[in-house]
Asks: 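Dumping the structure here so I can ask a few things about it.
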Amino acid sequence: MRDVRITGTGQLLRLQRELRAAGDESLRRSMQRRIRRAAEPLRDDLQRTMRHLDIRSQGRRVSGGPSANARPLRETIAQTIKISVRNTGDAGARVWIDRSMLPRNMWNVPTQLDRGRLRHPVFGNRRRWVNQYADPWWDSTIRRHQARMEREVARVIDDVQRRLGG
């Protein structure tokens, strides 16, 4: 699973240089805010998808027991999906999972779920392991938003270039 970057690389970098040269801080902040807004529906949909992800188990059908670490799995992962917007270097927006917000023993869980199989000990008993299965969720959710985000970022770039030129 990889993070998602909304960039128009060359255009954004050129535009950032022009904004710095023009010294228009309000225009730069406005551009950042609009790029963040372009990424928010994706972040919200990724969080919603995680919260409703169907995680299936093999064998016995026992539904819901207490969590081994007292935190609901889907909600814990959903809360770690973040957006960051940068103006320099790799300019653009990035949607990512902040693994530092997860308990250490769960750092790899989002990747395992996206690959379709989560293998874990039963209630922390390291002598008994189970597999749980889920459908990939990260890339498919991103693909649904890609065209819209590209259009919105292109519109933001055009608007800012027009305001700088006029």
Side-chain angles (χ1 to χ4, degrees), residues 1-13 16 29 31-154 156:
M1 182 174 10
R2 61 195 184 340
D3 56 351
V4 182
R5 296 172 193 271
I6 304 171
T7 59
T9 51
Q11 282 183 311
L12 280 173
L13 289 172
Q16 291 296 342
R29 277 196 311 267
M31 184 176 102
Q32 276 189 292
R33 187 173 45 253
R34 289 179 64 191
I35 289 174
R36 175 178 289 278
R37 266 194 236 130
E40 285 173 351
L42 170 61
R43 182 210 46 211
D44 296 344
D45 197 18
L46 283 166
Q47 289 175 334
R48 187 174 26 262
T49 301
M50 174 46 66
R51 286 183 178 111
H52 297 99
L53 188 65
D54 181 28
I55 302 175
R56 301 171 299 282
S57 182
Q58 64 188 25
R60 294 190 332 195
R61 253 343 242 190
V62 179
S63 63
S67 173
N69 60 13
R71 296 178 74 181
L73 175 68
R74 292 174 190 88
E75 182 62 30
T76 300
I77 294 171
Q79 289 175 359
T80 66
I81 299 172
K82 304 290 178 196
I83 300 174
S84 59
V85 179
R86 295 185 55 180
N87 316 347
T88 59
D90 193 9
R94 178 177 167 223
V95 179
W96 54 292
I97 293 180
D98 185 356
R99 294 183 196 290
S100 69
M101 293 179 66
L102 289 170
R104 183 134 174 79
N105 65 339
M106 289 178 61
W107 280 4
N108 201 32
V109 170
T111 303
Q112 287 183 22
L113 285 172
D114 193 48
R115 289 182 181 158
R117 184 184 105 172
L118 172 62
R119 182 170 166 76
H120 64 90
V122 176
F123 294 106
N125 178 355
R126 303 201 60 81
R127 289 180 287 170
R128 180 168 165 96
W129 290 72
V130 295
N131 292 314
Q132 289 185 289
Y133 303 95
D135 295 325
W137 59 282
W138 185 261
D139 288 335
S140 59
T141 305
I142 291 166
R143 275 193 298 275
R144 287 196 306 265
H145 289 266
Q146 187 170 355
R148 179 196 54 79
M149 289 187 311
E150 287 171 355
R151 283 192 310 272
E152 286 187 37
V153 170
V156 169

Asks: Would you say the side chain of H120 lies within less than 4.5 Å of the side chain of V130, judging by non-hydrogen atoms?
Replies: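 Counting from C-beta outward, V130 and H120 do come under 4.5 Å.
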
Asks: Could you tell me the separation between the CD atom of Q47 and the NE2 atom of H52, rounded to the nearest 0.5 Å?
Replies: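 If we round to the nearest 0.5 Å, Q47:CD and H52:NE2 are 12.0 Å apart.
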
Asks: Working to the nearest 0.5 Å, report the span between OG1 of T76 and CZ of R51.
Replies: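 Answer for the OG1-CZ pair, T76 versus R51, is 10.5 Å.
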
Asks: Decide yes or no for I55 and R74: does some side-chain heavy atom of the first lie under 4.5 Å from some side-chain heavy atom of the second?
Replies: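 A side-chain contact exists here, since the closest heavy-atom pair is under 4.5 Å.
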
Asks: If we only count heavy atoms from C-beta on, is the L73 to M106 side-chain gap below 4.5 Å?
Replies: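 Side chain of L73 against side chain of M106, heavy atoms only: contact under 4.5 Å found.
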
Asks: Is any side-chain heavy atom of T80 closer than 4.5 Å to one of W96?
Replies: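 No; the side chains remain at least 4.5 Å from each other.
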
Asks: Any side-chain heavy atom of V95 sitting closer than 4.5 Å to one from M149?
Replies: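 Of all side-chain heavy-atom pairs linking M149 with V95, none is under 4.5 Å.
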
Asks: I need the Q132 CD to R56 CZ distance, nearest 0.5 Å.
Replies: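 The CD atom of Q132 sits 10.5 Å away from the CZ atom of R56.
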
Asks: Between D54 and D135, is any pair of side-chain heavy atoms under 4.5 Å apart?
Replies: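 No. Closest side-chain heavy atoms not under 4.5 Å.
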
Asks: Enter the distance from I77:CD1 to R99:CZ here, rounded to the nearest 0.5 Å.
Replies: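 I77 atom CD1 to R99 atom CZ measures 9.5 Å (nearest 0.5 Å).
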
Asks: Where is the tightest heavy-atom contact between V109 and N105, given as atom of each residue plus distance?
Replies: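 Closest pair (atom of V109, atom of N105, distance): CG2-O, 4.5 Å.
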
Asks: Can you sort out the partners of H145 under side chain to side chain donor-acceptor pair (under 3.5 Å), two or more places apart, ordered by chain and number?
Replies: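 Checked H145 against side chain to side chain donor-acceptor pair (under 3.5 Å); matches are D45, R148.
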
Asks: Counting C-beta onward and ignoring hydrogens, is there a side-chain heavy-atom pair between S140 and T49 closer than 4.5 Å?
Replies: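 The answer is no, as the side chains (C-beta and beyond) never meet within the 4.5 Å cut-off.
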
Asks: Could you pull out all donor-acceptor pairs under 3.5 Å where a side-chain atom in residues 36-44 meets a protein atom, sequence neighbours excluded?
Replies:
none

Asks: Check this for me: R119, atom CZ, are more than 12 non-hydrogen atoms of other residues, nucleotides or ligands nearer than 6.0 Å?
Replies: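 Yes, because the 6.0 Å sphere around CZ of R119 holds more than 12 heavy atoms from other groups.
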
Asks: What pair of heavy atoms forms the shortest contact from W107 to P110, and how long is it?
Replies: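 Taking every non-hydrogen atom into account, O-CD, 3.7 Å.
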
Asks: Rounded to the nearest 0.5 Å, how far does CZ of R143 lie from CG of D139?
Replies: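 Interatomic distance, D139 CG to R143 CZ, rounded to 0.5 Å: 5.5 Å.
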
Asks: Less than 4.5 Å apart, any side-chain heavy atom of M50 and any of L46?
Replies: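 The answer is no; the side chains never approach within 4.5 Å.
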
Asks: Say you draw a straight line from CH2 of W137 to CG of L53; how long is it, rounded to the nearest 0.5 Å?
Replies: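 One gets 7.5 Å once the value is rounded to the nearest 0.5 Å.
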
